[in-house]
Undergrad: 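Let me begin by handing over the structure; questions about it come next.
Both backbone and side-chain heavy atoms feed into the values below; hydrogens, waters and symmetry mates do not. In the text below, chain A, chain B and the rest are named by the order of the sequence lines, each starting its count at 1. What you see is a predicted model; the values in this text were computed from it and never measured.
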Amino acid sequence: MSKPILQIALDVPLARLFDYLSAGQHVQVGQRVLVPFGRRNQIGIVMALADSSEFAIEKLKPITQVFSDEVPLDAEVLSLIKFSADYYHYPFGQALLAALPARLRQVAPAVARKQYCYQITGAGQQVDMESLPKRQRVLRMVLQALQNEGAQSEAALDALSGSARKAAKELVSLGYAVTEQVLAVKRVPAILETPQPALNAEQAAAVASITQEVQTFKAWLLHGITGSGKTEVYIRLMQHVLQQQEAHGAAQHSAQVLVLVPEINLTPQLEARFRARLPQYHLVSLHSSLSESERLHNWQLAQSGAAQIIIGTRLSIFTPIPHLKLILIDEEHDSSYKQQDSMRYHARDVALVRAKRLNIPVVMGSATPALESWYNAMGSQVQGVSATPSQTNKYGLLTLKQRAVSAAQLPKIDCIDTTKVNLQHGLTPQLVSALRLRLERKEQSLLFINRRGYSPVLLCTACHWIAPCTRCSSRLVVHLGQKKLRCHHCGHEQRIPHQCPSCGDADLHPTGHGTQRLEQTLASLLSTARIARVDRDSISRKHALVEILDRVHNQEIDILVGTQMLAKGHDFPNLTLVGVIDTDSALHSPDFRASERLFAQLMQVAGRAGRADKAGQVIIQTAFPDHALFNALRSQDYASYANDLLLEREQVQFPPYVFTALLRAEAHDFSLVQQFLQLAFTGARALSQHVVTYDPVRPQMERLKGMERGYILMHAHQRPALQKLLTQLVYQLRSEPIAAKVRWAVDVNPLEF
DNA sequence: AGCACGCCGACT
DNA sequence: GTCGGCGTGCTC
């Protein structure tokens, strides 16, 4: 007799489970159920079965429905989500439900794209073919196929005969066959398999190292410059792992691989390459541009083991993958792996935990690894970088220094001092003549500017008033095309005023340069050039980016102007010049991670120049050409720059030398935020001597979307001390009345302040 | 988080 | 006289 009490996780911000009566229904752990909760019905996941409840038994309600036709979530994923919810101090039920495809969070049953599969019964097996009427040719044919070849899918039946499905149904009604629903596996049309390129020595060494230890947990950092062929290493590793068959009971299961990729853009390219090179394996993707039914279907294919390659963005780290044997993380330094709301998890860190628990390898690739990863791969190898043995050499380090296309040269990088030349509309003469040269040679150029819009500020020349956002502590950006002022933080829009609201003067000037203005300037300066702009404003439609990139490939574009959207993974063989307009603000940002990010970004854009056999040039306009960052960039020396940054971080005791966490709070009324944070601050100080807690402060963006913000920072040398404090602090705060009046959240290992 | 209940201001 | 403002409290 099954246990009568069900402990169920629900999508509510309460860190506990809810007890229900199973009402005699057979229910398993991990199963999806519908339960009455307050006045409404909620979807829940069964976490445990029990004989008794701490809650008054007469108050327990019976569950409404069990979705018993669905595969329950496996213990491994449930436990991974439990770990994450604890580690990131987020309510477990919400973490769990958020990890499911939206279709599974809705009350309606999830109608998966399923198809019937026919299986022979014992009775059917015994049937003598001769006992069936000779004239029912198709019926006999189907029965024979079932007897001799086993289960038949609808597609297989269709291949036998047009009326085979009808015959199969008849066999079912005779009791000779049964149907079972299986997931429809959509066969991707065969792509011409591209030939396997030869590996260079470095690639071969990397593959060999990893495949040697492919049966156990190990984290690998694959540090390879742009164009060094990291993708080829991924492909070889997948081939190696997928060829292994795993005996699981009587049946053989193919291994599965999870590939994590940063958000948007990049996915189709990598996916296409994997499909072309690994056409024999079933590949599915999980990302935000899928429709909800596609997402559900792909998720179920991963869960059922039918999909062997799962390529997805950060949320896919929580997908059930029963035969997971390898995790690949492309561009591991990318900040889109960190969720910036609800549960603030880092998919890379969760992946490391998952791999460790499964005892499988995880391979993180990047040209510019996150400093945390570099530190874990380096440790004592770096001169001057000290670390305790437990923190060092945690990762295996594999380096790819050569570009895979042997003819390809590293681009030449020049910094032009903007303080020593006359700028024409923000452009140095050197950059303008370099652009002219490319036009003459019929080569392409890319201009990188990290500001969209026409100009970042609207300034009154008379009284120096600057158009502010009313809901955020930010300036409104001028968008001349739509004749609007727009806040890039909250989306607020207003018309461009004709006179200054402060002094009444009509001399309002757009000041500074954005992508739109740069595009306009180029058009007037280089009238023959065909220019395209790529930023969030010009790429409103889903396929707009693809269209523009196609035009670039077809040589219909001479100059591409855009934001960091352009930085990633697009190969343009005829692109030989990259110009970087203005990144100086990041050099002196109060955010200690700004220079790390800028370096990664510039390395990435620089990698766009001269990919094929043509030498590339990178021109960076800056007022600080001697900055250490540019020196390192010129020599394309990530390692020495990263080691310098590590030394700095060690001196000031910043991550990765300490573990940090934030307690963030926001409210319409700042005094509530202050009260709450003060209370939390005193609480945290009292709770632990091993954790350093700083006074409440305000973030760079003090006000956002009409909410006044603040936070306290905590750091510790030992992760467990910090975790313990956070657990106790969150527990205490939940019972404080003020905690209900502000929006607050814990951010473990925050990336932004 | 929802969604109730609950007690005070401007409306048909 | 009601509709509705969002304060506080609960959900197995």
Undergrad: How long is the line joining NZ of A:Lys741 and C1' of C:dG7, in whole Å?
TA: 8 Å
Undergrad: Check every strand shown and say whether A:Pro36 touches a base, only sugar-phosphate, or nothing at a heavy-atom separation below 4.0 Å.
TA: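 Since only primed, P, OP1 and OP2 atoms lie under 4.0 Å of A:Pro36, the category is sugar-phosphate.
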Undergrad: For A:Ile8, which contact category applies under a 4.0 Å heavy-atom criterion: base, sugar-phosphate, or nothing?
TA: nothing
Undergrad: B:dA1, C:dT11, B:dC5: which one has an atom nearest the side-chain heavy atoms of A:Arg39?
TA: B:dC5
Undergrad: Rounded to the nearest Å, what distance is computed from the NE2 atom of residue A:His668 to the P atom of nucleotide C:dC6?
TA: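 Result: 10 Å.
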Undergrad: Knowing that exactly one of A:Phe318, A:Tyr337, A:Phe83 qualifies, which makes a ring pair (Phe, Tyr, Trp, His ring centres under 6.0 Å) with A:Tyr345?
TA: A:Phe318
Undergrad: Which part of the nucleic acid, if any, lies within reach of A:Phe55 when heavy atoms closer than 4.0 Å are counted: base, sugar-phosphate only, or nothing?
TA: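 Base, at least one base heavy atom under 4.0 Å.
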Undergrad: Considering residues, nucleotides and ligands other than A:Arg486, do more than 12 of their heavy atoms fall under 6.0 Å from its CZ?
TA: yes
Undergrad: Give the ring-plane orientation class for A:His323 versus A:His253, where under 30° counts as parallel, over 60° as perpendicular and anything between as tilted.
TA: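 Correct class here is parallel.
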Undergrad: Taking atom C1' of C:dT11 as reference, at what distance in whole Å does atom CZ of A:Arg16 sit?
TA: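 So the two atoms are 8 Å apart, to the nearest Å.
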Undergrad: Nearest to the side chain of A:Val12, heavy atoms from C-beta on, is which of B:dA1, C:dT8, C:dC12?
TA: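 Of the options given, the side chain of A:Val12 lies nearest B:dA1.
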Undergrad: May I ask whether A:Phe18 stacks on the base of C:dC12, given the cut-offs of 5.5 Å between ring centres and 30° between planes?
TA: no
Undergrad: Dump the intermediate steps for ring pair (Phe, Tyr, Trp, His ring centres under 6.0 Å) on A:His715 and A:His690, then the final yes or no.
TA: CA-CA 9 Å; A:His715 85 220; A:His690 304 291; over 10 Å; no
Undergrad: Measure CG/A:Leu21 against C1'/C:dC12 and give the value in whole Å, please.
TA: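 Those two atoms, CG and C1', are 9 Å apart.
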